[in-house]
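Values reported hereafter were calculated over all heavy atoms of this structure, with side chains retained and with hydrogens, waters and symmetry mates removed. Just so you know, ligand 1 is whichever comes first in the structure, and atom 1 is the first atom listed for that ligand.
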Amino acid sequence: MLSPAAIGKAILDHHASLIGADLSVKRVHDAHSLVKNSLDSVAPDLKLYTFGSSTVFGFHEPKSDVDFVALRQEDIVDGKGGDSTSQLAKGLQTQVLAKLAASVRQKNVQWAVEEVRRARVPVVKVKAPHIDFDITAHRRNGVRNSALLRHYLTQVPENRWLSIAIKSWSKRVGMNGPVGGYLTSYGFNILVVYYLLHRRRHEQPEVEQKEGQDGAASASVDGKQQKELTFIDKDTLDVSLIPPIPEYLALEPPNPETLGEQVLDFFDFYLSRFPMESHVISLSHKEPITKQSLNWTKTAEDMKNNTSMEKVFYRLCIEDPYEVNLNVGRNVSPFKFDLMKKHFVKGRATALGLL
Ligand code: GTP
Ligand code: MG
Ligand code: MG
């Protein structure tokens with residue numbers, strides 16, 4: 001069996017380029033000014049916010065895209081407001097994005113600019129020479145959910161490595177993607193944060209809970225101290241208090257053994273401790289919640305799938321913190337659910353496929 005230290009070392013070796021590399025958010029700033037320049041010529045009162053991985057991790061990954069959203073002053077002032085999903089709201093988003101896409105095309109003729117109108121969230125996808133970006137409009141949820149994940153992952157900065165490791169593994173094994181995939185990076189990040197919040201809950205009675213010096217609870221496993229996360233009320237996240245461009249957060253190398261232990265325990269949690277059949281992975285509630293309480297049941301699944309074109313599954317249930325009644329795991333069919341468990345077993349046995 002692989003030792004936690006060997007697993008942690010394999011992960012750090014794989015991501016060696018992240019340590020000591022220039023991960024500054026300069027690329028994000030550069031892309032931001034280019035998009036803002038186009039936005040100013042079509043809708044100068046809109047403010048451009050960055051979200052997604054650059055915000056969550058606090059650095060720019062060399063190969064990752066950047067997510068932008070153009071917000072109206074009223075969206076920012078009402079920074080805790082919910083996003084409308086009406087056809088009217090979507091129509092307005094599509095209109096502003098069409099103007100923006102035209103301006104981006106005109107100013108940067110060599111870039112590939114694609115408008116995706118029919119998706120749940122209308123988006124403009126841009127491929128520029130050194131960076132790809134997605135632009136949406138009038139929607140606060142991405143800014144809020146990224147800030148929520150960032151707040152969680154910075155409570156114990158070493159935990160950022162678990163998120164980096166799981167996301168990169170999910171891409172390597174082909175589980176990450178919006179359409180053919182099982183979950184997006186966002187979905188995997190929620191799995192990571194939920195695990196960190198609840199890992200002591202469904203488990204061994206011999207774990208002692210202690211109050212850490214700084215107030216954060218710590219738990220002792222095999223005599224080692226691991227800092228626990230503090231629950232954050234997701235409703236407190238307010239766009240008017242979130243910076244439009246993320247602040248850079250230097251990435252320190254973690255203790256390899258702790259990282260290896262976390263990876264093993266992440267898989268153990270989802271493979272055997274978390275009651276996947278009956279419960280929902282959710283950052284919205286402090287206490288565990290059931291599928292039944294959200295009416296995310298087999299009956300609801302059958303009813304939806306008889307009446308709608310887009311199939312929705314309630315096997316892997318991940319409650320979106322800000323969208324209404326949205327399962328982030330909705331694409332995970334029973335078949336994919338079984339395959340996903342197999343990937344988890346293999347990921348555990350092979351140090352995320354690295355050993
Ligand atoms: P990479 O782009 O893969 O490097 O990581 P990322 O952290 O940017 O994640 P991702 O592109 O998956 O998500 C960026 C943002 O898109 C998230 O903050 C969400 O707002 C949104 N998003 C992505 N996937 C989903 C999803 O399945 N459901 C919902 N509601 N939003 C999603
Ligand atoms: Mg992204
Ligand atoms: Mg994106």
Side-chain angles (χ1 to χ4, degrees), residues 15 18 23 25 27-28 31-32 35 49-71 75 82-85 90 93 97 114 116 119-128 131-153 160 162-193 234 237 239 242 246 249 281-284 310-313 316-332 336:
H15 293 283
L18 287 181
L23 300 171
V25 279
R27 279 254 164 90
V28 180
H32 186 277
V35 177
Y49 278 71
T50 313
F51 62 106
S53 53
S54 331
T55 301
V56 176
F57 291 160
F59 60 80
H60 177 61
E61 286 169 287
K63 286 185 191 142
S64 243
D65 75 342
V66 184
D67 300 283
F68 290 119
V69 60
L71 293 179
D75 303 320
D83 289 339
S84 169
T85 50
K90 254 174 106 165
Q93 293 168 23
L97 291 174
E114 184 200 353
V116 184
R120 191 178 61 82
V121 177
V123 57
V124 173
K125 296 191 156 289
V126 181
K127 285 192 188 304
I131 199 157
D132 293 352
F133 35 91
D134 289 347
I135 316 167
T136 48
H138 306 178
R139 293 181 48 89
R140 289 159 287 214
N141 288 354
V143 177
R144 296 182 83 198
N145 66 42
S146 301
L148 179 66
L149 292 170
R150 178 182 174 116
H151 281 300
Y152 272 122
L153 289 176
R160 293 162 72 198
L162 182 64
S163 162
I164 291 167
I166 296 295
K167 170 174 132 172
S168 125
W169 161 74
S170 71
K171 290 188 175 182
R172 287 198 302 279
V173 295
M175 276 196 295
N176 184 315
V179 183
Y182 301 54
L183 287 180
T184 57
S185 298
Y186 170 65
F188 280 103
N189 266 330
I190 299 180
L191 289 188
V192 167
V193 169
K234 51 111 182 165
L237 273 290
V239 175
I242 298 170
L249 287 168
I281 295 149
S282 173
L283 302 179
S284 305
E310 197 211 8
K311 292 240 177 296
V312 167
F313 297 101
L316 174 62
C317 286
I318 306 175
E319 186 179 27
D320 190 287
Y322 299 108
E323 305 288 342
V324 179
N325 195 29
L326 186 75
N327 178 16
V328 176
R330 63 193 173 281
N331 294 328
V332 182
K336 280 187 183 171

**Student:** Ser146: heavy atom below 4.0 Å from ligand 1, yes or no?
**Tutor:**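 Contact present.
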**Student:** Is there a side-chain contact between Thr50 and Phe68 in this structure, where contact means two heavy atoms from C-beta onward sitting under 4.5 Å apart?
**Tutor:**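 Result yes, sub-4.5 Å side-chain heavy-atom pair found.
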**Student:** What residue and atom, counting heavy atoms only, is the protein's closest point to atom 27 (O) of ligand 1, and at what distance?
**Tutor:**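 Minimum-distance protein heavy atom for atom 27 (O) of ligand 1 reads Thr184 OG1, 3.6 Å.
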**Student:** Show the nearest heavy-atom pair for residues Ser284 and Pro321, with the distance to one decimal.
**Tutor:**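 That closest heavy-atom pairing would be OG-CA, 3.6 Å.
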**Student:** Could you tell me, atom by atom, which parts of ligand 1 come under 4.0 Å of a heavy atom of Glu323?
**Tutor:**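 So the atoms of ligand 1 that pass are 30 (N).
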**Student:** Do Ile164 and Phe59 have side-chain heavy atoms sitting under 4.5 Å apart?
**Tutor:**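 Yes; the side chains approach each other to less than 4.5 Å.
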**Student:** Tell me yes or no: between the side chains of Asn189 and Tyr152, is some donor less than 3.5 Å from an acceptor?
**Tutor:**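 Distance-only check fails for Asn189 and Tyr152.
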**Student:** Are any of the N/O atoms on Asn176, whether in the backbone or the side chain, positioned under 3.5 angstrom from an N/O atom of ligand 1?
**Tutor:**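 No, there is no polar N/O contact under 3.5 Å.
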**Student:** What I'd like to find out is whether the side chain of Glu323 reaches to under 4.5 Å of the side chain of Arg139, using heavy atoms alone.
**Tutor:**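 Yes. Closest side-chain heavy atoms under 4.5 Å.
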**Student:** Quick check on contacts: which atoms of ligand 1 are under 4.0 angstrom from a heavy atom of Lys171?
**Tutor:**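 Result: 1 (P), 3 (O), 4 (O).
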**Student:** If you count the atoms of ligand 1 from 1 in the order shown, which ones are under 4.0 Å from a heavy atom of Val328?
**Tutor:**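 So the atoms of ligand 1 that pass are 27 (O).
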**Student:** Starting from atom 8 (O) of ligand 1, locate the nearest protein heavy atom and write down its residue, its atom name and how far away it is, to 0.1 Å.
**Tutor:**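 Going by distance alone, atom 8 (O) of ligand 1 is nearest to Ser53 N, 2.8 Å.
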**Student:** Identify, by atom number and element, the atoms of ligand 1 in contact range of Leu326, meaning under 4.0 Å from any of its heavy atoms.
**Tutor:**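 It comes down to these atoms of ligand 1: 30 (N).
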**Student:** Using the rule side-chain contact (heavy atoms from CB on, under 4.5 Å), only one of Leu316, Asn327, Val328 pairs with Ile281; which is it?
**Tutor:**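 Testing Ile281 for a side-chain contact (heavy atoms from CB on, under 4.5 Å) against Leu316, Asn327, Val328 leaves exactly one candidate, Leu316.
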**Student:** Tell me the protein heavy atom at minimum distance from atom 9 (O) of ligand 1, and give that distance in Å.
**Tutor:**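 Among all protein heavy atoms, the one nearest atom 9 (O) of ligand 1 is Ser185 CB, 3.3 Å.
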**Student:** State which residue, out of Leu71, Val69, Asn141, fulfils the side-chain contact (heavy atoms from CB on, under 4.5 Å) condition with Val239.
**Tutor:**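 Of the listed residues Leu71, Val69, Asn141, the side-chain contact (heavy atoms from CB on, under 4.5 Å) partner of Val239 is Leu71.
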**Student:** Under 4.0 Å from any heavy atom of Ser64, which atoms of ligand 1 are there?
**Tutor:**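 Listed by number with element, the hits are 1 (P), 4 (O).
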**Student:** Quick one: look at Leu149 and ligand 1, take heavy-atom pairs under 4.0 Å, and tell me if it's side chain, backbone, both or neither.
**Tutor:**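 Contact part for Leu149 vs ligand 1: neither.
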**Student:** Do the side chains of Phe57 and Leu18 get nearer than 4.5 Å, heavy atoms only?
**Tutor:**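 With C-beta onward as the side chain, the pair stays apart.
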**Student:** State, with a plain yes or no, whether a side-chain heavy atom of Leu183 is found less than 4.5 Å away from one of Ser170.
**Tutor:**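 Leu183 does not reach Ser170 side chain to side chain.
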**Student:** Is the closest basic N to carboxylate O distance between Arg120 and Glu310 below 4.0 Å?
**Tutor:**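 Judged by the 4.0 Å cut-off on N to carboxylate O distance, Arg120 and Glu310 do not form a salt bridge.
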**Student:** Quick one: do Val143 and Thr55 satisfy side-chain contact (heavy atoms from CB on, under 4.5 Å)? Show the steps, please.
**Tutor:** CA-CA 9 Å; Val143 177; Thr55 301; over 6 Å; no
**Student:** In this structure, does ligand 1 have an atom that sits under 4.0 Å from one of the heavy atoms of Asp65?
**Tutor:**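 A heavy atom of Asp65 does come that close to ligand 1.
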**Student:** Does the side chain of Ser146 pick up a donor-acceptor pair with the side chain of Arg150 at under 3.5 Å?
**Tutor:**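 Judged by distance alone, the side chains do not pair up.
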**Student:** Does the protein put any heavy atom within less than 4.0 Å of atom 25 (C) of ligand 1?
**Tutor:**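 Given the 4.0 Å limit, the answer for atom 25 (C) of ligand 1 is yes, a protein heavy atom qualifies.
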**Student:** Answer yes or no: is there an ion pair linking Lys234 with Glu319, defined by an N-O contact shorter than 4.0 Å?
**Tutor:**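 Here Lys234 does not pair with Glu319 in a salt bridge, since their nearest N and O are not under 4.0 Å apart.
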**Student:** Just so I know, are the side chains of Phe188 and Met175 near enough to count as touching, which here means a heavy-atom distance under 4.5 Å?
**Tutor:**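 Yes - at least one pair of side-chain heavy atoms lies under 4.5 Å apart.
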**Student:** What's within reach of the Mg ion (ligand 3), meaning protein N/O/S atoms under 2.8 Å?
**Tutor:**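 Sorted hits: Asp65 OD2, Asp67 OD1, Asp134 OD2.
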**Student:** Heavy atom under 4.0 Å from ligand 1: found in Arg120's side chain, backbone, both, or neither?
**Tutor:**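 Side chain only; the backbone of Arg120 stays clear of ligand 1.
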**Student:** Is any side-chain heavy atom of Lys167 less than 4.5 Å from a side-chain heavy atom of Ser64?
**Tutor:**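 Yes, at least one pair of side-chain atoms sits under 4.5 Å.
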**Student:** Can you pull out the closest protein heavy atom to atom 14 (C) of ligand 1? Residue, atom name and distance to 0.1 Å, please.
**Tutor:**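 Residue, atom and distance for the closest contact: Asp67 OD2, 3.6 Å.
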**Student:** For residues Gly181 and Asn331, report the shortest heavy-atom separation together with the two atoms involved.
**Tutor:**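 Nearest heavy atoms, Gly181 then Asn331: O-CB, 4.4 Å.
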**Student:** Quick test: of every protein heavy atom, which one is nearest to atom 18 (O) of ligand 1, and how far off is it to 0.1 Å?
**Tutor:**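 The answer is Asn145 OD1, 2.7 Å.
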**Student:** What atoms in ligand 1 come closer than 4.0 Å to a heavy atom of Asp320?
**Tutor:**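 Counting atoms of ligand 1 from 1, those under 4.0 Å from Asp320 are 29 (C), 30 (N).
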**Student:** Atoms of ligand 1 less than 4.0 Å from Gly52 heavy atoms?
**Tutor:**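 Listed by number with element: 7 (O), 8 (O), 14 (C).
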**Student:** Report the member of Tyr186, Phe51, Tyr322, Phe188 with the shortest heavy-atom distance to atom 22 (N) of ligand 1.
**Tutor:**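 Answer by nearest heavy atom: Tyr186.
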**Student:** Between ligand 1 and Asn141, can you find any atom pair, the residue atom being a heavy atom, that is separated by under 4.0 Å?
**Tutor:**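 Distance cut 4.0 Å: Asn141 fails for ligand 1.
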